[in-house]
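Below: one structure, written as structure tokens.
Note that ligands are numbered from 1 as they come in the structure, with each ligand's atoms numbered from 1 the same way.
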Amino acid sequence: MMTQNEPPRAQTSWTVDVAGYELTLPITPVSPDRAIALMMITDLGVSFGEHIGAALAERFRPLEPEIVIGTATLGIPVAIEVTRHLGLDRYIILQKSPKKHLADALTHSLSSVTSHGTQELRLDRAALPLLMHRRVVVVDDVIATGSSFMASLALARQASAEVVGLGAILTDGTAWRRKLGVDAAMVQALAHVPQFRNVGLGHWEPIVEE
Ligand SMILES: O=P(O)(O)OC[C@H]1O[C@H](OP(=O)(O)OP(=O)(O)O)[C@H](O)[C@@H]1O
């Protein structure tokens, strides 16, 4: 039991219901004054992948997608599971790291919430025939600034794909809405987490959203 003089304990985690699957996420600083509830899908096992794949596929099914695009790295398991649950086979991964075999790839720059500096997103030209005039959904684990989805959308459209949906497990804060503009209306997410501001002494407080 807390005594009167004891300072309140810093909140270190955030619990969120992801379409019926409860996650407790560590509040993790991404800058001196900002923190996020960090979800690492690669730490959550295959049952979580199965769960989110089924839930996102259910949302996308009415859109009749023909192929799924996923954004590396943490969007890869999402793309695989959504593809599987839609009864599709092929999926396309946009790479964030430079590869010798992608030297002539289509590229678009981005700056995401959890990585330092500017990155390049790459679409392998070999994938272009799979995307041309196809109905596609673009998936990722999280959408925060919206920069990764913005770059994925630009590459998909450059490949003449018809983007019919955008999907993420989590929306993180609200900056992505401004960044994506009208395309924000296509976002399907299974849950939302706030971002956190530094209120000193190791305390993080959820930022009130409009
Ligand atoms: O909306 P945004 O601000 O773009 O943030 C979301 C992106 O950030 C993370 O990727 P990151 O670039 O850190 O690469 P990773 O998947 O390899 O960790 C995450 O997996 C999303 O792709």
Side-chain angles (χ1 to χ4, degrees), residues 14 16 18 23 25-45 48-49 51-53 55-56 60 68-83 91-99 102 105-124 127 136-158 163 165-197 206-207 209:
W14 188 260
V16 61
V18 180
L23 291 182
L25 305 172
I27 296 176
T28 307
V30 290
S31 72
D33 59 0
R34 188 63 67 106
I36 60 171
L38 182 69
M39 179 188 68
M40 291 296 291
I41 187 172
T42 44
D43 293 339
L44 295 173
F48 183 68
H51 173 73
I52 59 95
L56 282 170
F60 285 144
V68 176
I69 293 179
T71 305
T73 310
L74 298 175
I76 296 174
V78 184
I80 292 171
E81 288 299 337
V82 171
T83 299
Y91 54 90
I92 308 290
I93 298 302
L94 304 177
Q95 300 288 348
K96 283 183 177 170
S97 48
K99 303 282 175 195
L102 292 179
L106 303 185
T107 62
H108 201 283
S109 59
L110 69 95
S111 176
S112 72
V113 68
T114 37
S115 289
H116 292 292
T118 304
Q119 305 182 80
E120 289 292 323
L121 196 62
R122 298 166 180 81
L123 170 58
D124 189 347
V136 310
V137 290
V138 182
V139 299
D140 207 340
D141 58 335
V142 173
I143 177 169
T145 67
S147 188
S148 297
F149 264 120
M150 188 85 168
S152 304
L153 263 170
L155 290 175
R157 288 174 174 157
Q158 208 177 331
V163 179
L166 304 173
I169 303 167
L170 296 181
T171 49
D172 181 339
T174 57
W176 58 275
R177 289 190 182 278
R178 282 188 302 283
K179 182 87 170 175
L180 290 185
V182 290
D183 290 322
M186 278 197 286
V187 172
Q188 298 275 351
L190 301 180
H192 176 76
V193 290
Q195 293 198 344
F196 302 84
R197 68 185 185 96
I207 295 171
E209 297 171 357

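Heavy-atom proximity to Gln119, at under 4.0 Å, picks out these atoms of ligand 1: 12 (O). Those atoms of ligand 1 that come under 4.0 Å of a heavy atom in Val142, given as number and element, are 6 (C), 21 (C). Here is the list of ligand 1 atoms found below 4.0 Å of a heavy atom in Ser115: 11 (P), 12 (O), 13 (O), 14 (O). Every atom of ligand 1 is numbered from 1 in the order shown, and the set under 4.0 Å from a heavy atom of Ala72 is 16 (O). Residue Ile143 has at least one heavy-atom neighbour below 4.0 Å for each of these atoms of ligand 1: 1 (O).
Residue Val113 has at least one N or O atom closer than 3.5 Å to an N or O atom of ligand 1. An N or O contact shorter than 3.5 Å is missing between Phe149 and ligand 1 by distance. Polar contact check, Gly75 against ligand 1: no nitrogen or oxygen pair lies under 3.5 Å apart.
Side chains of Met186 and Leu153 form a contact here, defined as non-hydrogen atoms less than 4.5 Å apart. When side chains are defined from C-beta on, Leu110 counts as touching Lys96, because their heavy atoms get closer than 4.5 Å. Within the 4.5 Å cutoff, no side-chain heavy atoms of Gln119 are placed close to those of Ser111. Between Ile207 and Pro194 the shortest side-chain heavy-atom distance does not fall below 4.5 Å. Counting heavy atoms from C-beta on, the side chains of Leu74 and Met40 come closer than 4.5 Å. Taking the side chain as every heavy atom from C-beta outward, Val139 and Phe60 approach each other to under 4.5 Å. Between Leu123 and His108 there is no side-chain heavy-atom pair separated by less than 4.5 Å.
Annotation: atom 10 (O) of ligand 1 to nearest protein heavy atom, Lys96 NZ, 3.1 Å. With respect to atom 3 (O) of ligand 1, the closest heavy atom belonging to the protein is Thr145 OG1, 2.5 Å. Looking only at protein heavy atoms, the nearest one to atom 15 (P) of ligand 1 is Thr73 N, 3.6 Å. For atom 9 (C) of ligand 1, the closest non-hydrogen atom on the protein side is Thr114 OG1, 3.3 Å. From the protein, the heavy atom lying nearest to atom 7 (C) of ligand 1 is Ser148 OG, 3.5 Å.
The backbone N or O of Trp176 lies less than 3.5 Å from no partner atom in the side chain of Arg178, so there is not a single donor-acceptor pair. Proximity of a side-chain donor or acceptor of His192 to a complementary backbone N or O of Thr171 within less than 3.5 Å is detected.
Around atom 19 (C) of ligand 1, the closest heavy atom drawn from Leu74, Leu121, Asp141 belongs to Asp141.
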- Message: Could you go through Asp183 and Arg177, starting from their C-alpha distance and side-chain angles, then the distance that decides it, and tell me whether this counts as salt bridge (charged side-chain N to carboxylate O under 4.0 Å, His left out)?
- Response: CA-CA 8 Å; Asp183 290 322; Arg177 289 190 182 278; over 6 Å; no

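With a 4.0 Å cut-off on non-hydrogen atoms, Asp140 touches ligand 1 through its side chain and not its backbone.
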